[in-house]
Each structure stands twice: as C-alpha cells, then as structure tokens.
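Let me begin by presenting the structure, written as structure tokens, before commenting on it.
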There are 2 protein chains.
Amino acid sequence: MDELAKLANVSVSTVSRALAGSTLISTKTRERIAKLAEEHNFQLNEKARNFRLKKTNMIAVVMMVDIKSGQHISDMFFLQMLGSLADALTAQGYDLLLTHIAIEDMPTIDRSRAFRQTDGIIFIGQGNQQEHLNRLADLGKPMVVWGAELENSHYCTVGTNNELGGYLATKHLLNLGRERIAFFGDINFPEPQQRYSGYCRALQEKGLPIDKSLQHNVPFDMTHANTEIHDLMQQGLKFDAAVCSSDLIAIAAIDAFNSYGVKVPDDIALVGFDDIALAALTQPPLTTVKQNITQGGHVIVRKLLAQINGDPASDTILKTELVVRRSSGAW
Amino acid sequence: MDELAKLANVSVSTVSRALAGSTLISTKTRERIAKLAEEHNFQLNEKARNFRLKKTNMIAVVMMVDIKSGQHISDMFFLQMLGSLADALTAQGYDLLLTHIAIEDMPTIDRSRAFRQTDGIIFIGQGNQQEHLNRLADLGKPMVVWGAELENSHYCTVGTNNELGGYLATKHLLNLGRERIAFFGDINFPEPQQRYSGYCRALQEKGLPIDKSLQHNVPFDMTHANTEIHDLMQQGLKFDAAVCSSDLIAIAAIDAFNSYGVKVPDDIALVGFDDIALAALTQPPLTTVKQNITQGGHVIVRKLLAQINGDPASDTILKTELVVRRSSGAW
DNA sequence: ATGAAAGCGCTAACAT
DNA sequence: ATGTTAGCGCTTTCAT
C-alpha cells in the first residue's frame, strides 16, 4: 500500500480511503488509484485489515462428532446443509471455518481458535449439549443453532417443524391402515423427541394407545442403526410400519428387514425424514418428511448476521411437508 | 497481555515468551505467568498474532461445484473426506476454511480471500480444471489436490490407484462370466478416465474387444446419473454388467434398472467405486472399489505441511482393494 | 479533498 | 533471564 501511495503520489491514507470507496476522495483520484492497484496486481493484506478492524469475516460451523461411532451426526443431510451455508455466507462476504469437534470437547470449545477467531458460530444440530450451548450463548458470541426450538435455550434456533413432521408421517401411515407403527429415533435428542411427540399426537387423535415398546433409540449413524434394527428383528418385535428419524435410518431399516425376508412396503411400511437426494433412488424409494435445507441455510445466515450487527434474532420454525413415494405403500 | 505483564511485574515480552513456552524464561516465571493467565482467563489475540507472524494457521479446502447441476462433485465421499481432513488438520493445529466455488469462478480464485488468507490450499477433486490448478501452483502457494496423478501437473496429487481399481472391478466381473460390461463414468475427468483405462486393460488381458458403445459419460450427481441411465435403458443398450465410477452412480443405476424390471445382480452385475458407508446397506449391497479416505486425508495434510515448511512433496498413490458384496453376483 | 500520525496486540532482534 | 524497542499493514482521528 505504501508503494501504491508513492506511485500515485498520495499518502497511504488516501489509498486506503480510495480502495474502501470513501466519498471523501475525489472520484478522479479514486479511479486513478483503483487503476494503479489493478495494474500492479495489488492485494490488500487481509490479516492486517482484520487485525485493525477486530473483525475476521469468518463464521465457524461446528460439526459435532459422536465419540462412540466416530461418525458425523447426520451424514448426507449435513453435507447439503454445509453447501447451503457456504453459499449463503459467501454471498454475504463471509468465509466458513469448519470445525470438527468431539462431543466430549464441548466444555472447552470457547477456548478454541474456531470460537475466538470468528465473528459468529453456527451449530448444525445441538445433540444433547443444550447446557454447553447455553453457556456459550451467555458469553455474548453471535450464534445460531440448527435444530429443535427448546423451552429454555439462550440461543437462536432455526429448524424444521419436527412435531408436525412426525405427525404427518404417522398420520399418513394410519390413513393407509397401519396400526402397529414403530418409531426409530433417539428421543434423548431434541429433534427426534419432537418428532416422537408428533407421532404420539397422531396416534392419540386416532384413539390409539401409545405402546412404548414400539419406540427405539436408534442412533443416527447408519451402520449402528442397522445393527440395532437387526437386533429388534431378532427379538421378534412385531409391527407393520415405522417412522424413522432420518432417511439414512430408513435405509438401514430396509436392509435389516430384507435380512429377515420382511418386505417394504408390503410387510412394513416406512417413512423417513430429511428428503436427501438419495431418498428418491432407494429400493423402494422413500416416503419422507422434507426438510428445506436451502432455505434453512439462508435463514441461519440471516439470523447470524443480524446478531453480528447487534440486532436481536428470533427463533424460526420452517414449514415442512410429506413427500410420498413407494416405501409407505400408498401406491 | 499488557495487563498480565503489569500483574506479573514483568514486561510484555516476558509474558509473550512465557506463554509461547520459550526456554529463555525461567520455569518459575513461566509457571507464574501461566497461572495468572489462567486465573484472569486471558486469551491470546490470534488476529494480532497471525498478523505479526504473517501466518493464518488456516488451510482452505475447496469444493468445486458443478454449474449445471448445482451439485457437489461427489456427495458422501466428499463429506467423509472433509471429516478426515478436519481431523488431520486439527491435530496439526490448523483450522479448515471451507470454500464452495463454482467451476466458472476458478479463473479468479487467486483473488479470493480463501486463497489469500490461508497458508495452504487443498482441492478435493480436480474436475477438468488442470490448467487453472497449474496456474495456481505456479503462484507458489502450498497446495495439494486429491485425485488422479497427471503427467503434466505442476502440483502435488494424492489419490487412489484408479487404474488398478478399474482393473480389479472389471476382472472380477469377467471372472464371474460376464462379457458385455458397461462403464459408467465421465472420462473427460481424470479419475474416471484412469478407471476406464483399468477397465480396458482387464478386457484386453482377457482378449475381449473394447466396445465404445458400452462406455457412457454418466455424471457424478446421482439424480442426473439416474436420468442418464434411464435413457440408456430406453435406448435398449444391452449389457450384463457395469463398472460404475462411484457408489452413488451404482445406486442410481440400480434404481434405473428396477424401472425396467432388470434385476441386480441376476440380469446385470454391478461394481461401484468409493465404498462409502452406504454401500453395505443398499439393496443389494454393493461390490465396490474401496478408497481409503481416512488415510487419504492424513496423507494430504502431511504433504501440505511439508510444502508449508519449504520441503518438496511428491505425489502419492494409495493402495486400493475390491470389497465384494452381493451386487456383483459372486454369491 | 488530502496528509500526518497514532495505534491495534503481538513477536523478536538487540541490549543488558 | 529479562527489558527495550521497533514494526508488521492497515484504518481513522485530527489537522490542514
């Protein structure tokens, strides 16, 4: 910048202002400097700028990783969300710092570079870490969490209407004449829990009892989910339909059922959750509750930037709908 | 840090050195300062540090996005790789800056913050952008590309033995008595191209002719792949096996085949590529060429850090193997 | 409309 | 073993 100033026969301040597009500088000088910068391929030093402005123009996105499985909370869904966030952030001039954190390390996340070196932080999924997330939010860091809206959370959440999703899925199966409907999803986690609430509401509305033996805490990781559902079949669990807390769980279920000669949808009708691209191409294709990922990513970024600008940000619950394909036996 | 210095009755330099663990400082003082820092919850200002050291401790990971489809080059595989890279980088004290770039923007990537604000850059997949990648490498930026090793590339590549993978897949099918083997993968891209070479070698070894009508430039995006394979079936392409350039293409193929009443593996035997977690749970489960993603991520990071430290980094071709499951009809 | 000068928080060469 | 000092490249207040 110093060199540019010499070349243009002005001071560094003028160059700085010109490059920043300040109206204090005459249009002529501004253009002259812009041209020189271009010619000499001058690149502003971002590190110095960030340092001076105490900004980073970076947002951390945290993927929590399960200790046991070593797997991401929600594979393909997560990737699509990441793409959507990357797009939305780029459009706003922010970069995306991706952080891979084991759940066990959550207590010390506020000391991590990812936390300190960014202007805001996004969590995709809150796991069962509400307490830690509350603590972080109390530190005053701009923060948005994708997932279920919770009663006593101190942070801004954006998520699908999980309760409605669970309700729609279950009602769909009930309308098709299924009566013993299993629920596969870990209700110790907020999102599956809300989906389970919707499941219960649909049953109650129909005057059916809630049979707790039909709910199973199947994990999100598809390999482990598969093992778990195998075990259930082994134990002789009887049911004619299942609501799954993710599409990958549904896929894991189809495989487990096949091992026991149980056909989807004839013997067991299935509904998934997410509507990832894969859902349309499984055998059979999945009836599933759609989460609007693109919209979700954009809303998350909007809420986060609002906070960075000092504005309050309210929770958002996105609309959802059922996508009917063959796995539920509707046709 | 100024405050800490006052509290400890030493100079800032002493604090700086103590916190950096310099042996110049007596153990006693060092411990005293460490304790004070802890007590007062002192956090070193990374922005200032990075500025001063002209380092960022950040590595950019670029995901190229296809203009046409708006889809990532290779969904699930990509996510697993991302996780592996995030782990390896974190272990080395680096953060991961994720960049989502449309292929059309490759010409200007060297002006992006992602490029200028990081100590190194990783590309997952080189698409057909070899020229641009060469140009970037010539700029002297530490850089590693996951993908095929190419004759005239100026950059360091790490990748699977694609040729061998294609060979193993094809030979496996030939050994099972299949003779009209299709190849699904876009050979305008280096990796599918090398896999196709292996395919050709296996056929030639067996004394069979290369029938170009059996090779089709099916895209990586599974939805588009599905459409494409539908078309091929419609056109009445006759074959009894297929080597697919990714597991997702294989899954898309199974769905397309099912629409025409064609059964896998009875009517058509199938081999995929990647061995993503999903491959074991599709219907039928996929025989596939395994890419060792975890190892790949670690090697990429090692090669990149070598470059950052000024050492030369050579290309690496990782071992690969065939994982046999039901889709190839071996049992 | 432009320039001079201070300073962001840290590190490191140089001095003691 | 510790302190003094300069300076990284930029923005911005204050002066002109």
Side-chain angles (χ1 to χ4, degrees), chain A residues 1-38 40-58 93-95 111-113 115-119 308-309, chain B residues 1-38 40-58 93-95 111-113 115-119 308-309:
Chain A
M1 199 180 247
D2 207 35
E3 286 183 36
L4 253 195
K6 280 188 191 116
L7 282 166
N9 259 319
V10 293
S11 69
V12 267
S13 359
T14 305
V15 175
S16 171
R17 282 191 272 246
L19 259 29
S22 161
T23 48
L24 276 173
I25 307 295
S26 73
T27 320
K28 219 177 60 191
T29 333
R30 228 188 305 162
E31 279 169 3
R32 191 161 53 90
I33 293 177
K35 197 163 130 274
L36 275 170
E38 178 74 20
H40 296 257
N41 198 23
F42 170 82
Q43 304 279 36
L44 203 140
N45 181 325
E46 303 272 349
K47 300 193 238 321
R49 179 169 211 276
N50 287 337
F51 169 48
R52 175 60 232 240
L53 296 180
K54 298 167 184 297
K55 269 207 84 180
T56 59
N57 271 307
M58 283 197 313
Y94 281 85
D95 285 325
R111 294 202 225 146
S112 71
R113 272 214 311 276
F115 186 79
R116 285 153 44 206
Q117 212 177 169
T118 53
D119 299 333
I308 290 175
N309 295 327
Chain B
M1 198 180 252
D2 205 36
E3 287 184 33
L4 252 195
K6 282 190 189 112
L7 283 166
N9 259 319
V10 293
S11 70
V12 269
S13 6
T14 305
V15 175
S16 172
R17 284 192 270 247
L19 259 29
S22 160
T23 48
L24 276 172
I25 306 296
S26 73
T27 320
K28 219 178 61 190
T29 340
R30 228 189 306 162
E31 280 169 2
R32 192 161 55 90
I33 292 175
K35 198 164 130 273
L36 275 170
E38 177 75 19
H40 292 85
N41 197 25
F42 171 82
Q43 304 279 35
L44 202 142
N45 183 326
E46 304 273 349
K47 299 192 236 330
R49 179 167 211 278
N50 287 337
F51 170 46
R52 175 60 233 243
L53 297 179
K54 296 169 184 299
K55 271 205 80 180
T56 59
N57 272 305
M58 285 198 311
Y94 281 85
D95 285 324
R111 293 202 225 149
S112 71
R113 271 213 310 276
F115 186 78
R116 285 153 43 205
Q117 212 177 172
T118 53
D119 300 331
I308 291 175
N309 295 327

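Because the structure is predicted, anything quoted here is derived from the model rather than measured.
- Across all strands, Lys54(B) comes closer than 4.0 Å only to sugar-phosphate atoms, never to a base (heavy-atom distances).
- Listed by chain and number, the residues in a side-chain hydrogen bond (donor to acceptor under 3.5 Å, both in side chains) with Ser16(B) amount to none (sequence neighbours excluded).
- By the 4.5 Å heavy-atom criterion applied to side chains, Asp2(B) and Lys6(B) are counted as neighbours.
- Looking at Glu3(B) and His40(B), their side chains never come closer than 4.5 Å, going by heavy atoms from C-beta outward.
- Atom CD of Glu3(A) and atom P of dG9(D) are 10 Å apart (whole Å).
- Considering all non-hydrogen atoms of both residues, Met58(A) and Gln117(A) come closest at CE-O, 3.5 Å.
- Here the closest heavy-atom approach between residue Thr118(A) and residue Phe115(A) is recorded as OG1-O, 3.4 Å.
- Summarising the geometry of Ala5(A) relative to Val15(A), their closest heavy-atom pair is CA-CG2, 3.6 Å, with the distance given to 0.1 Å.
- Two end axes, each from the C1' atoms of five base pairs, can be drawn for the helix from dA1(C)-dT16(D) to dT16(C)-dA1(D); they diverge by 40°, to 10 degrees.
- Residue pairs meeting the side chain to side chain donor-acceptor pair (under 3.5 Å) criterion with at least one partner in residues 27-36 of chain B, sequence neighbours excluded, are Ser26(B)-Thr29(B).
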Quick tally for nucleotides 11-16 of chain D: nucleotides whose base has a protein heavy atom under 4.0 Å get B, sugar-phosphate-only ones S, the rest -, giving BBB---
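- Where Ala48(B) and Arg30(B) each meet DNA chain D at their nearest nucleotide, the meeting point lying more 5' is that of Arg30(B).
- With centres under 5.5 Å and a plane angle under 30°, the ring of Phe51(B) is stacked against the base of dC8(D).
- Every residue two or more places apart in sequence or in another chain was checked for a ring-ring contact (aromatic ring centres under 6.0 Å, His included) with Tyr94(B), and none qualifies.
- Checking Thr56(B) against Asn50(B) by side-chain atom types alone, no donor-acceptor pair falls below 3.5 Å.
- There is no side-chain donor-acceptor pair under 3.5 Å between Glu46(B) and Asn57(B).
- Of all nucleotides in DNA chain C, those with any atom nearer than 4.0 Å to a heavy atom of chain A start and finish, going 5' to 3', at dA1(C) to dG9(C).
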